[in-house]
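Notes for the one structure printed next.
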Amino acid sequence: MNDDHQAPEVGDAAHRALLQTGVPGLDDILGGGLTPDRLYLLEGAPGAGKTTVAVQFLREGAARGESVVYVTLSETKAELDGVALSHGWDISGIAVLEMLPPQDALEPDEQHTMFHPSEVELGETTLRILADVEKLRPSRVVFDSLSELRLMAGSSLRYRRQILALKQFFAGRMCTVLLLDDLTAVDQDLQVQSIAHAVIRLEQQHPDYGTSRRRVVITKYRGQQFRAGFHDYKIVRGGLQVFPRLVASEHAANVAQTRIPSDLPTLDELLGGGLEKGTSTLFVGAPGTGKSSVAVQFAIAAARRGECSALFLFDESINTLCTRCKGMGMDIARYIDSGHIRVRQIDPAELSPGEFVHEIRLAVQQHGASIVVIDSLNGYLNAMPDERFLIVQLHELLTYLGQNGVATMLVGAQHGLIGMQMQTPVDASYLADAVVLLRYYELDGEVRQAISVLKKRGGAHERTIRAFSLASDGVHVGEPLRNFRGILTGVPVPIDGVRSAS
């Protein structure tokens with residue numbers, strides 16, 4: 001909670017149960033919901049989803065048997081019905097008050113000050129609003145939008161007085177007010193922000209390619225601890241859905257690091273008995289070296305034990321994965337059908353980073369996944385606006401999965417095919433608890449593969465470089481290549497004239 005947030009007074013409404021907004025994920029970042037009987041500001045550019053949030057907020061109240069009112073000064077009731085229809089909503093429980101001002105109400109000569117010297121006179125439109133609200137006695141009210149009130153006010157002072165008049169009117173009436181602002185004013189107006197109990201801002205970003213990215217931030221919330229920073233959200237049929245930013249420290253737990261075998265004895269020997277639960281492993285190498293196949297091998301081995309795994313594919317389709325595995329005798333389709341392996345194909349141009357993390361959390365919390373495979377980091381990087389943010393988010397994600405006892409497997413493709421100058425688009429090796437390197441090398445006119453473990457925090461492992469191959473009967477890890485030096489260069493040199501690899 002920021003230092004400038006005011007602490008709630010004893011007996012204040014903040015100590016009562018918080019109001020649910022009806023927007024999945026929004027209550028989480030608000031610290032539980034909205035303090036009742038306060039005035040709130042929801043701002044965002046046109047198309048950001050303000051009306052959608054407002055209707056969800058009122059529908060939540062109506063579902064609880066509350067009297068709710070939607071005051072519209074810009075949209076007609078028919079337009080509001082169209083929004084509800086697009087989401088499949090029934091808004092019959094919401095009282096809609098159309099307060100569209102007449103044409104001459106915007107003329108300068110027709111402006112009315114909010115306060116008469118005796119503090120009795122209000123503008124005609126405002127008086128109509130308050131009279132109808134007084135009759136209905138709602139517990140939730142939405143005003144859409146402030147742009148019309150700003151125009152009718154004519155000046156900044158008169159506009160501020162109008163908002164203060166609304167706040168004073170609803171004070172003591174046991175009513176929670178949500179004001180919508182479309183930010184169409186030329187200059188940023190902080191008048192309402194200073195008056196509102198909390199300010200929620202919806203933002204849109206339009207990348208050069210792909211769908212628009214939307215995010216929400218709580219810029220102010222008096223007397224309430226909230227989740228600061230930006231959080232991704234999307235608008236789908238059924239309303240707006242927020243994906244709270246993952247904070248790994250909130251999910252700390254002690255998990256025993258038991259080993260997870262691959263069911264391939266030679267691979268488990270190389271890894272010192274297998275991989276540990278609660279650790280992350282990076283499989284890195286050139287394209288086609290078998291990184292994904294090794295990760296899938298662990299998932300299939302877990303499925304045979306009755307455990308669940310989740311695979312998130314950025315680079316290949318589910319059909320391609322099943323076809324490839326079938327060609328190697330790995331019956332992954334069987335375990336996908338049984339639900340032991342859940343596969344999610346990710347489109348980086350359509351899925352926001354926040355939603356991706358949300359999908360992983362669902363796989364762990366709701367489906368009990370003990371293994372999570374992200375294939376690949378290259379595709380993950382394309383979903384992020386900046387590589388710096390990828391590393392920070394990846395660190396939070398790996399920490400969260402580790403604290404939940406999940407074995408995470410990351411696949412990273414290097415640029416190039418052979419040689420020592422191969423590079424990865426993003427260096428996540430220092431984040432991973434184990435790093436498994438797969439390489440091509442040339443021998444006797446053939447391109448062969450090798451596998452080795454460069455690092456493993458979970459315990460001891462072999463330091464050898466073993467032969468590796470993919471065949472129709474699955475993944476094969478051979479004996480250590482002890483008769484050569486320079487395997488990692490791609491062009492090994494035989495020792496003592498030996499010309500063949502075991």
Side-chain angles (χ1 to χ4, degrees), residues 259 261-275 281-298 300-301 315 324-325 327-330 375-378 409-430 432-502:
R259 282 193 173 89
S262 66
D263 287 354
L264 295 178
T266 50
L267 178 58
D268 291 336
E269 288 175 12
L270 180 66
L271 291 166
L275 300 176
T281 303
L282 173 63
F283 296 98
V284 62
T289 48
K291 305 178 298 297
S292 301
S293 299
V294 176
V296 169
Q297 175 64 39
F298 277 96
I300 291 179
D315 302 331
R324 179 168 58 82
C325 290
M328 293 187 294
M330 304 167 69
D375 187 4
S376 66
L377 283 180
N378 306 65
M409 301 181 189
L410 310 172
V411 176
Q414 294 180 313
H415 295 157
L417 295 177
I418 61 173
M420 296 298 294
Q421 303 303 317
M422 297 174 64
Q423 297 179 347
T424 55
V426 55
D427 183 14
S429 58
Y430 70 96
D433 297 305
V435 177
V436 178
L437 176 65
L438 294 98
R439 277 289 177 92
Y440 289 118
Y441 68 96
E442 176 192 352
L443 184 66
D444 293 333
E446 294 183 1
V447 176
R448 303 191 184 185
Q449 292 150 269
I451 185 172
S452 57
V453 179
L454 301 185
K455 140 184 167 180
K456 190 167 183 283
R457 291 176 182 151
H461 63 88
E462 282 190 8
R463 298 288 180 177
T464 60
I465 302 175
R466 286 178 175 259
F468 179 84
S469 63
L470 302 174
S472 59
D473 56 348
V475 176
H476 293 273
V477 177
E479 297 300 318
L481 300 172
R482 300 187 184 277
N483 297 321
F484 300 88
R485 67 172 182 268
I487 293 287
L488 299 184
T489 67
V491 186
V493 177
I495 300 175
D496 297 331
V498 178
R499 292 298 302 168
S500 63
S502 57

Atom [atom1] in [X], atom [atom2] in [Y]: separation rounded to 0.5 Å?
X: Leu267; Y: Gln297; atom1: CG; atom2: CD; result: 7.5 Å
X: His461; Y: Leu454; atom1: NE2; atom2: CG; result: 8.0 Å
X: Phe468; Y: Thr266; atom1: CZ; atom2: OG1; result: 10.0 Å
X: Leu438; Y: Gln414; atom1: CG; atom2: CD; result: 9.5 Å
X: Leu282; Y: Met409; atom1: CG; atom2: CE; result: 12.0 Å
X: Gln449; Y: Arg439; atom1: CD; atom2: CZ; result: 13.0 Å

What closest approach, in Å, do [X] and [Y] show between heavy atoms, and which atom pair accounts for it?
X: Ser262; Y: Ala301; value: O-CB, 3.6 Å
X: Thr464; Y: Ser452; value: O-CB, 3.7 Å
X: His476; Y: Ala471; value: CD2-CB, 3.9 Å
X: Cys325; Y: Val296; value: SG-CG1, 3.9 Å
X: Lys291; Y: Gly285; value: CD-N, 3.3 Å
X: Ala467; Y: Ile451; value: O-CG2, 4.4 Å

Within the 4.5 Å heavy-atom criterion, are [X] and [Y] side-chain neighbours or not?
X: Val475; Y: Leu470; value: yes
X: Leu443; Y: Phe484; value: yes
X: Val294; Y: Val436; value: no

- Query: For Tyr441, does its backbone N or O pair with a side-chain atom of Arg448 as donor and acceptor, under 3.5 Å?
  - Reply: no
**Message:** Determine whether a donor-acceptor pair (N or O, by modelled atom type, separation under 3.5 Å) exists between the side chain of Asn378 and the backbone of Ala413.
**Reply:** yes
task = Given side chain to side chain contact (heavy atoms under 4.5 Å, CB included), test Phe298 with Leu271 step by step and report yes or no.
result = CA-CA 12 Å; Phe298 277 96; Leu271 291 166; 3.5 Å; yes
